[in-house]
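Beneath this line is the structure, given in structure tokens, with notes to follow.
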There are 2 protein chains.
Amino acid sequence: MTENTKERLLETAQRLFGQQGYDATSLRHIIAEAGVNLAAIHYHFGSKEELLDEIIQRSAGPVNEQRLALLDRAEAEAGGCPLSVEKVLHAFLWPMSTAADENPEFVRLMGRIHAEGMLHTIVQRHFQAVLARFVPAMRKAVPHLSPEEFLWRMHFMIGAMAHTMCGAPDFTRVTEAPGDFSRRIEFLIRFLSGGFHAPEGAGVEVKE
Amino acid sequence: MTENTKERLLETAQRLFGQQGYDATSLRHIIAEAGVNLAAIHYHFGSKEELLDEIIQRSAGPVNEQRLALLDRAEAEAGGCPLSVEKVLHAFLWPMSTAADENPEFVRLMGRIHAEGMLHTIVQRHFQAVLARFVPAMRKAVPHLSPEEFLWRMHFMIGAMAHTMCGAPDFTRVTEAPGDFSRRIEFLIRFLSGGFHAPEGAGVEVKE
DNA sequence: GTCTATACTGAGATAGAC
DNA sequence: GTCTATCTCAGTATAGAC
């Protein structure tokens, strides 16, 4: 039962990390639910952080491939022309919706990972290739923005996305039926579109 | 030296929480830098979480008062008319800029608190009163939005704000001189304004 | 190669002496 | 109010059974 142990650990850990967060989940809780020995984690993965790394690799891989595929197709359809903001956002965010339907815990985990910010090296390793494609694509969609304003808007996008993957608004109850993650993504794309299309520079009254 | 001990603990803990995060900062690290005994924390605060709670209360209090004062003044100037999105955002976000100049670690800590999401009860306790004023004010600024779309946009705003308080974009180095937090806030207000002003509903091509 | 048992260090928390 | 000693549980490491 060699593969069985490893697989059970991956599935259990992913679920618990997504539900409770990475720090809040102890290895002893994971092994208890998976029904394996504590040392099995260190045998198969080496450490708690490497366990997380393998979980991300397993699920983020397909999502990132789909992102790149959507971007490829959109760019092919556009010929050499720059894509619209909406198309870039769609290629980036839509695969999350697909993933959420079959794997909701993973999406919450991804949100946490981005938001917690601590495990910075892990994020960078798995999303570097995707960002390398999407940052230039988005840059071409809003060429009028200054480099600084553009980078900040990308930053805001990441923040909104991470928070949205983590959960729903909590000041009021919003229906959270299974499968309506796509709806959430549509709201997000509209909002971010508006943000990226906002006029640049000194248009805000900050008189104080 | 009773008050001295408590004060040193509060200041040291705030600095370390902001620099390293809440979970990553051990009580033993705090007491070592503050030069007090481990049990002093539990005597003065009761637990690590209550220590954090008191830190937030101390620094978030003035920020929230300033937020409410700015909102009061803006509403008084407007007579009975709804405020603009920009004015509401300004009243909500600008006090963070003031706080950042004299207390940068606190702002990073606030960002982490919002983003980590775990310490949910703490956030709710300290920001409930502020949200109770700002949610209706913003609602009046965008009355055409459906309730659902409105709540999601508030959610996106919180995410972008939390991520922005935590740090600067990291795919490229952005100048982070002291005192230019206000610049960051201006970028954020512009972006969020665009998001809130975005047209509602089925305007996104999600053909798949 | 795979898993079990056990021990080590450091975390937060608590009781009780002073 | 403060400090020492101690408790439980965390992540980690390793020796050895199968």
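What you see below is based on every heavy atom in this structure, not just the backbone, and it leaves out hydrogens, waters and symmetry mates. Every chain is numbered from 1 and lettered A, B, ... according to where its sequence line falls, protein lines coming before strand lines.
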### Task
For A:K48 and A:Y22, indicate whether the former's side chain and the latter's backbone hold a donor-acceptor pair under 3.5 Å.
yes
### Query
Got B:R112 and B:F17 here, is their nearest side-chain heavy-atom distance under 4.5 Å?
no
### Message
Both conditions, 6.0 Å and 45 degrees, for the charged tip of A:R139 above the ring of A:F150: are they met here?
### Response
yes
### Task
Go through the structure and list residues passing side-chain hydrogen bond (donor to acceptor under 3.5 Å, both in side chains) with B:R15, not counting sequence neighbours.
B:E33
### is_close_aromatic(A:H163, B:H163), centroid dist under 6.0 Å
no
### Message
Quick check on the 6.0 Å ring-centre criterion: do B:F196 and A:F191 meet it?
### Response
yes
## Note on the structure
note: A:L52, atom CG; D:dT12, atom P; distance rounded to Å ~ 12 Å
### Task
Take atom CZ of B:R8 and atom P of D:dG1, then tell me their distance rounded to the nearest Å.
15 Å
### Task
Determine, step by step, whether A:E149 and A:S146 satisfy the side chain to side chain donor-acceptor pair (under 3.5 Å) criterion, reporting the C-alpha distance in whole Å, the side-chain angles of both residues, the deciding distance to 0.1 Å, and the verdict.
CA-CA 5 Å; A:E149 184 117 31; A:S146 74; 4.7 Å; no
### Message
Check for me whether A:K87 meets the cation-pi criterion with A:F92, that is, NZ or CZ under 6.0 Å from the six-membered ring centre and within 45 degrees of the ring axis.
### Response
no
### Rounded distance in Å - NZ (A:K6) to P (C:dC3)
11 Å
### Five-pair end axes of the helix from C:dG1-D:dC18 to C:dC18-D:dG1 and the angle they enclose, rounded to 10°
10°
### Query
What is the distance from CG of A:L9 to P of C:dT2, rounded to the nearest Å?
13 Å
## Note on the structure
In B/S/- notation (B base, S sugar-phosphate only, - none; protein heavy atoms under 4.0 Å), nucleotides 11-18 of chain C written 5' to 3' is BBBB----
### Query
Just how far, in rounded Å, is C1' of C:dT2 from OH of A:Y43?
5 Å
